[in-house]
Visitor: 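Before I ask anything, let me first share the structure, which is written out below as structure tokens.
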Amino acid sequence: QKEVEQNSGPLSVPEGAIASLNCTYSDRGSQSFFWYRQYSGKSPELIMFIYSNGDKEDGRFTAQLNKASQYVSLLIRDSQPSDSATYLCAVRRGGGATNKLIFGTGTLLAVQP
Amino acid sequence: NAGVTQTPKFQVLKTGQSMTLQCAQDMNHNSMYWYRQDPGMGLRLIYYSASEGTTDKGEVPNGYNVSRLNKREFSLRLESAAPSQTSVYFCASSRQYNEQFFGPGTRLTVL
């Protein structure tokens, strides 16, 4: 079992719809959770981070964390073709003085005009 | 603010050659990281430096060495390149426990 798992996709949604991206993790002590967006041929860029159970909203993006079920999700409302990219989930493990992140392999999102 | 910069952007090496990838950040971050990204494998940590003067191995350190030259700069060296090191290399930096910011990457091909 991979430590951070994502469905590789592609996830295809029509323009204007809600895209839902999911990520599960195996280390129950994980403390911090990050979503990055990566366009083809470019570097990852941070979209959101979440530390506490529940929802966190930033514009069209909402991150949801459920530590009991060990999953984190990213919702993109009013999806636009420019949102088409690979979305990477990253998790910081608990314990120790380290900021090492474990990345999932990413979900490819395709927003159809 | 340039953020995180990396040089070179592209490089082609022959098996056995050596090279150093350079990374610098101007965000006054304490921690810096080197990752490689391969299709289907995601981002994997090679080495990291939690603070100036310290370096530690990540998930895939074999075949690489690093130097934290000062707070701004963190270099990655391939002493004897192998085709298995063909990859895209990203440098990142962060404050101690916060989100990481990535450089533009170096595309390396080893023939």
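Naming: A, B, ... by sequence-line order, numbering from 1 per chain.
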Visitor: Rounded at 0.5 Å granularity, tell me how far CG in A/L88 sits from CD in B/Q37.
Guide: 6.5 Å

Visitor: Where does B/E59 contact chain A at under 4.5 Å (heavy atoms): side chain, backbone, both or neither?
Guide: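 For B/E59, neither part sits under 4.5 Å from chain A.
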
Visitor: Among the clusters formed by ILVMFWY side chains lying less than 4.5 Å apart, do B/V60 and B/F102 turn up in the same one?
Guide: no

Visitor: For A/Q6, which atoms come within 4.5 Å of any heavy atom of chain B: side chain, backbone, both, or neither?
Guide: neither

Visitor: Is chain A contacted by the side chain of B/R95, its backbone, both, or neither, given a heavy-atom distance below 4.5 Å?
Guide: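 Contact with chain A involves the backbone of B/R95 alone.
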
Visitor: Mind listing the closest non-hydrogen atom pair of B/G103 and A/S43 along with its distance?
Guide: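 Closest approach of B/G103 to A/S43: O-CB, 2.9 Å.
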
Visitor: Looking at every heavy atom in both B/Q100 and A/Y36, which two are closest together, and how far apart are they?
Guide: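 Closest approach of B/Q100 to A/Y36, heavy atoms only: O-OH, 2.7 Å.
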
Visitor: Assigning hydrophobic clusters by single linkage (Ile, Leu, Val, Met, Phe, Trp, Tyr; side-chain heavy-atom cutoff under 4.5 Å), is B/L21 placed with B/F101?
Guide: no

Visitor: Once you round to the nearest 0.5 Å, how far does CZ of A/F103 lie from OH of B/Y35?
Guide: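 So the gap between those two atoms works out to 4.5 Å.
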
Visitor: Grouping I, L, V, M, F, W and Y whenever their side-chain heavy atoms are under 4.5 Å apart, do A/L74 and A/Y71 come out in a common cluster?
Guide: no

Visitor: Which bit of B/L45 comes within less than 4.5 Å of chain A, counting heavy atoms only: side chain, backbone, both or neither?
Guide: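 For B/L45, the side chain is the part near chain A, not the backbone.
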
Visitor: So what's closer than 4.5 Å to chain B heavy atoms on A/L101: side chain, backbone, both or neither?
Guide: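 Both the backbone and the side chain of A/L101 come within 4.5 Å of chain B.
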
Visitor: Hey, any chance A/L75 and A/I50 share a hydrophobic cluster, counting ILVMFWY side chains that come within less than 4.5 Å of each other, even indirectly?
Guide: no

Visitor: With rounding to the nearest 0.5 angstrom, report the NZ to NZ distance, B/K57 to A/K100.
Guide: 11.5 Å

Visitor: Please say whether more than 12 non-hydrogen atoms of neighbouring residues, nucleotides or ligands are located less than 6.0 Å from CE in B/M41.
Guide: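 Atom CE in B/M41 is not crowded, with 12 or fewer foreign heavy atoms closer than 6.0 Å.
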
Visitor: State, to 0.1 Å, how close B/E99 and A/Y51 come at their nearest heavy-atom pair, and which atoms those are.
Guide: OE1-OH, 4.3 Å

Visitor: Please classify the contact of B/S94 with chain A as side chain, backbone, both or neither, using a heavy-atom distance under 4.5 Å.
Guide: side chain

Visitor: Would you say B/I46 and B/V88 are hydrophobically clustered, going by side-chain heavy atoms of ILVMFWY under 4.5 Å?
Guide: no

Visitor: Under 3.5 Å, side chain of A/T105 to main-chain N/O of B/G40, donor-acceptor pair present?
Guide: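 Pair absent, no side-chain N/O of A/T105 close to backbone of B/G40.
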
